[in-house]
4 protein chains.
Amino acid sequence: MLVLMQSGATESEIAQVEERICELGFTPHTMPGKTATAIGITGNSGPLEPAMFAGLAGIARVIAVTQPFKLVSREVKQDDTVIDFGDASIGGAELALMAGPCSVESRDQIMQAAIAAKAAGAKFLRGGAFKPRTSPYAFQGLKEEGLKLLAEARDATGLRVVTEVKDTETLEMVADYADVLQVGARNMQNYSLLEALGNIRQPVLLKRGMSATIKEWLMCAEYVVARGNRQVILCERGLRTFETMTRNTMDVGAIPLVKHLSHLPVVADPSHGIGIAQHVTPLALGCVAAGADGLIIEMHPDPSRALSDGDQSLTPEGFSDLVQKVERVAAAVGRRVVKADDEWKGAS
Amino acid sequence: MLVLMQSGATESEIAQVEERICELGFTPHTMPGKTATAIGITGNSGPLEPAMFAGLAGIARVIAVTQPFKLVSREVKQDDTVIDFGDASIGGAELALMAGPCSVESRDQIMQAAIAAKAAGAKFLRGGAFKPRTSPYAFQGLKEEGLKLLAEARDATGLRVVTEVKDTETLEMVADYADVLQVGARNMQNYSLLEALGNIRQPVLLKRGMSATIKEWLMCAEYVVARGNRQVILCERGLRTFETMTRNTMDVGAIPLVKHLSHLPVVADPSHGIGIAQHVTPLALGCVAAGADGLIIEMHPDPSRALSDGDQSLTPEGFSDLVQKVERVAAAVGRRVVKADDEWKGAS
Amino acid sequence: MLVLMQSGATESEIAQVEERICELGFTPHTMPGKTATAIGITGNSGPLEPAMFAGLAGIARVIAVTQPFKLVSREVKQDDTVIDFGDASIGGAELALMAGPCSVESRDQIMQAAIAAKAAGAKFLRGGAFKPRTSPYAFQGLKEEGLKLLAEARDATGLRVVTEVKDTETLEMVADYADVLQVGARNMQNYSLLEALGNIRQPVLLKRGMSATIKEWLMCAEYVVARGNRQVILCERGLRTFETMTRNTMDVGAIPLVKHLSHLPVVADPSHGIGIAQHVTPLALGCVAAGADGLIIEMHPDPSRALSDGDQSLTPEGFSDLVQKVERVAAAVGRRVVKADDEWKGAS
Amino acid sequence: MLVLMQSGATESEIAQVEERICELGFTPHTMPGKTATAIGITGNSGPLEPAMFAGLAGIARVIAVTQPFKLVSREVKQDDTVIDFGDASIGGAELALMAGPCSVESRDQIMQAAIAAKAAGAKFLRGGAFKPRTSPYAFQGLKEEGLKLLAEARDATGLRVVTEVKDTETLEMVADYADVLQVGARNMQNYSLLEALGNIRQPVLLKRGMSATIKEWLMCAEYVVARGNRQVILCERGLRTFETMTRNTMDVGAIPLVKHLSHLPVVADPSHGIGIAQHVTPLALGCVAAGADGLIIEMHPDPSRALSDGDQSLTPEGFSDLVQKVERVAAAVGRRVVKADDEWKGAS
């Protein structure tokens, strides 16, 4: 259920509605909007009677939410959620560009990647320090050392750091270094991790599980938002299908559909979506044209020597070429790439 | 195997190579290219010795083809195949736009659809006269009457007709009326039909089966081309996956991959790819940005009354809006929409 | 809709109901059952009023059929359909065993296979004369020569012949030689072929398409039965999934579900279901335990030299071992293997 | 790599080989077998030279392991792993039967379930205390209260308790109450949890992820075993496919294949595998016939009132019927059900 306040409702009126919801034994989630405030209600097991709010001032309407996901639904919040990073943002008119290697491997590697990412126009640096791997014997990442290198690269370039958090034990450590906490596809339904992420106040990039339905994916976002962390960025990264020529099958159609169902931003990961470096750029263009709010791209200073995902990593030149093409397609659909180096004044 | 002729090779030199191939018990497939002629060889069960062509003049190289598909492979023919329809083409710089209802239902309906398609900028009219349906009790199309109405709509508008052929029995009849013969997803591996289509000389639009791998799809195109009909247009229309919110999962990543593997044109069918009218346009933009050579769009004068596929059909206004957006994205990736009404002089 | 007659209804009463259905513009399908006759009605577009049958004698009830498949549904016919071959049957207490090579390759090969199949206990010989192949350059079967060899093997052993029909053009020829006409998985939705099979009166073995839902599969059976050919045997042969270690993923759970939904017999093809010879027997046992009415097994006198499907073909010894194990599991679930050589008196 | 010792090798010879492996910087995993001891080696990045073990006594052979999973592979250990629970076991000739509700809901409910499970012949009681749910607003289990009720039911009946552990935070608590720690399908690739389970010494039941390949599943088992916990039971519970009539598609063929690839026991969960109570029994029989080492069945005293998974839960009578049928099929494939009440002497 959702209580939509009148556009001129006062803080005191809002507070009284919140109080009534608490008295009823439910949880209020107050979301200020462009024109009016909405108060989502969770904890109820069925529809509520509008009469429960009788006598309270400032209420425009009481609305039933038909989707199983509530707080992340467009029904509850009509305006796009825009996540603000000062001189960058995700979910607004600006197209967010994130780039970097699968894994942080060394200071040289991440620094070169960061410089190249920034030079091409990215504002976010991706790179894994904790790597979930299918084999217990494979390289599992540099761990805290990797996080420190990411932070160094941020200090040197002004790029924000997007990095994966793989469990609750290391969440606090990762949160100390990261700007955006990435949840990997295999952890999408790790509900304990999602709950822990709901308790902090840092942006979360939630990858869609490789065989997750759109509904399941949005329910996972709901886990985070229901605990109070509203800064969730959804990331489509391709589905597991029978096709073996590509690593995954990118569900580009999910982008407009999810943006219709939810107010959360949706970014696309065409690197995992196809898994073949030479086809990443056209697929990236397709995602942007279909309405993605950003791209997260694997780029490595020397893909042939990458410790992981070399086959799908662009070179710095390849990424620069991608950005130039993305700029044209973004413009054609009313979005724009705002380059980092146009405005960043530096950390020094 | 493939014999690549020198750029100045004479017709007589080419004929001698063809003769040698026949003498060896194999079949030559001669394909003129921009700079040189290539002669594909089929019927051999293993690699051939270049020495088999010793003493023949005009040969540049003898090349092994590594893919199981031969004649449709880029290895055999580097240049894009462009299918020419006089004042329209598929596979070149021009983006091909095809629109119309799922089924031909009446003269009024198909005529309104054709006029709207043409007004918006399409050069091809789609519409089913023979409809394969999952239920034997469902509307199976107007059959020959439907074909006649399509031909009437062509005469009135100059649009080319794309319509499905569902079996060899009705192939001749459909070929009499159609400009492009569509093979539906469920018939992709109907090899008897493919062979029959290989024996005629009209363009074929081959839809990808809903769970066909890219390799299987290209092998089906090979069935047609191996019989001598080189005018095959591939059509990506979405895969069957576990996702239930969308009708299919559009494999947008397959577009650049297939264009890399094959010289054949690839068009996209976002209507079936997502199955929800309001999301067809963004998905169509995604396909164009990813490199599709054209779009085939379900559009109905009154979708709410359509006998089939109403949920995924655009209105005429919706299609016109789609074309305007497509023009901008096409321009951003170096393609253009050439509107039919700019140039057609009429049938009268 | 379905008109259920009283158990003592006369032929004349039945005829009057059929007549009324025809007068209403619909098609009656009269199905005698163990205790009473049912008359299915097709051609109606919505539920019929029981009042439409007012004044007619011998009617027990008028029942709405809730499934989209009508005549193949258990709602319409409660008793199991048993297809009778004289000294063999499919769908009753006897478990039907079918074995033989993927393709007929030579007289020696098919004769050895037939003798081994019979010796082990099979009553049906499978073998393909027309082979749909993914490559146009691969061995496509011996065609009519193969059919003649199958007929010879039948004459020599008394086994019934199960062989694939791939198109309407060759249907008459195949029907002349075959006892059971197999429709391959890729042709499951070849509706023109299904309609042609509906017009003849020979048993049809309808394989489930590799990505067909159970509902679609039953609708394809409905296509055949709606035309009057009620002798349809369903065959589960595995689904296409993401798993690459096995050729397909055998949907063993579909066996009890389909037998619940439909009165038609269901046989299992574990050879295609797993695609690895050494695991065919345990999977076959699983299918029998789950309620399959029979098994169709690829067996070749020398699998290592098979022209197709050698990897999944049992040797004659392997098949004999399978049958012995099957007999024990069949007995545990109330079915039995009746060996051909116990009763067949020979063709001479 | 794997060092296979001679059958009469002494402890000291084994210790010397272990020492050499440590000196080389790798990890030895010593596994006593029926006839000889094998020492698996992990931590190497490529094949090792047999010469590295020159001069050491008691070595029969040094063998390369070709699979990416090492310690769980049949290559490393030929004998079946049998997990021993005193008067019950999993992986040997006895078929393990596990039954109980999806969630522990109340003392009455779990006690009735336990009594019914035991009466029918089960030796293991399943029941969830921590429930991962797709909705953050759904019932999440009774948590520690649920664990206490499970322990009470164990004390009353002698059944072993199988219950899910959903995160590392609650692992110690769950391990205090449980006999077997279940890892749910959505947590299969929660590597932090797997590592924590590798560090304890209690049996783990590892469900296959709903879209996990067999290789990925075995790699997850490898995560646990590599840390020293060799008591891993694999559980096939169905794959996510396009089929919507069933909850999942049970991969029965995976049972013999995985038992061929690995020495670990494999149990089947037909309740989740099909999701429809009336078809659980035939599917269970299919799994047993195909070689499963046990069954885990959802059974609820009153399925219509279950808080979760009521649709797929058997009644106590239904479960009793299942066991009787399973006994016959098990006997047909050389396995047996040893009923708990034949031998258990009580907790007092």
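We name chains A, B, ... by the order of the sequence lines, and we start the count at 1 in each one. Heavy-atom basis, side chains included; hydrogens, waters and symmetry copies ignored.
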Considering only NZ, NE, NH1 and NH2 on the basic side and carboxylate oxygens on the acidic side, decide whether D:Arg208 and D:Asp251 come within less than 4.0 Å.
-> yes
With only heavy atoms counted, which part of A:Thr213 is less than 4.5 Å from chain D, the side chain, the backbone, both or neither?
-> both
Between A:Asn190, A:Leu194, A:Asn187, the one whose heavy-atom pairs under 4.5 Å with chain D are most numerous = A:Asn190
Check ion pair D:Glu164-D:Arg126 (N to O, under 4.0 angstrom) = no
Scored by heavy-atom pairs under 4.5 Å with chain D, the best of A:Arg133, A:Lys166, A:Met188, A:Gln140 is A:Arg133
Sole candidate of A:Met52, A:Met1, A:His29, A:Glu18 that passes side chain to side chain contact (heavy atoms under 4.5 Å, CB included) when paired with A:Ile41 = A:Met1
Would you check, one step at a time, whether the test side-chain hydrogen bond (donor to acceptor under 3.5 Å, both in side chains) holds for D:Glu169 with A:Thr168?
-> CA-CA 8 Å; D:Glu169 287 85 339; A:Thr168 49; 2.3 Å; yes
In terms of heavy-atom proximity below 4.5 Å to chain D, should A:Tyr223 be classed as side chain, backbone, both, or neither?
-> both
By a 4.5 Å heavy-atom criterion (distance strictly below it), what part of D:Glu216 contacts chain A: side chain, backbone, both, or neither?
-> side chain
Considering only heavy atoms, which portion of D:Arg227 lies under 4.5 Å from any heavy atom of chain A: side chain, backbone, both, or neither?
-> neither
Toward chain D, the part of A:Ala212 with a non-hydrogen atom under 4.5 Å | backbone
Look at D:Pro132, D:Ala226, D:Ser135 and state which one has the largest set of heavy-atom pairs under 4.5 Å with chain A.
-> D:Ser135
Close side-chain approach of D:Leu197 to D:Leu181, heavy-atom, < 4.5 Å = yes
Can you tell which of A:Val224, A:Val232, A:Leu206 makes a side chain to side chain contact (heavy atoms under 4.5 Å, CB included) with A:Val183?
-> A:Leu206
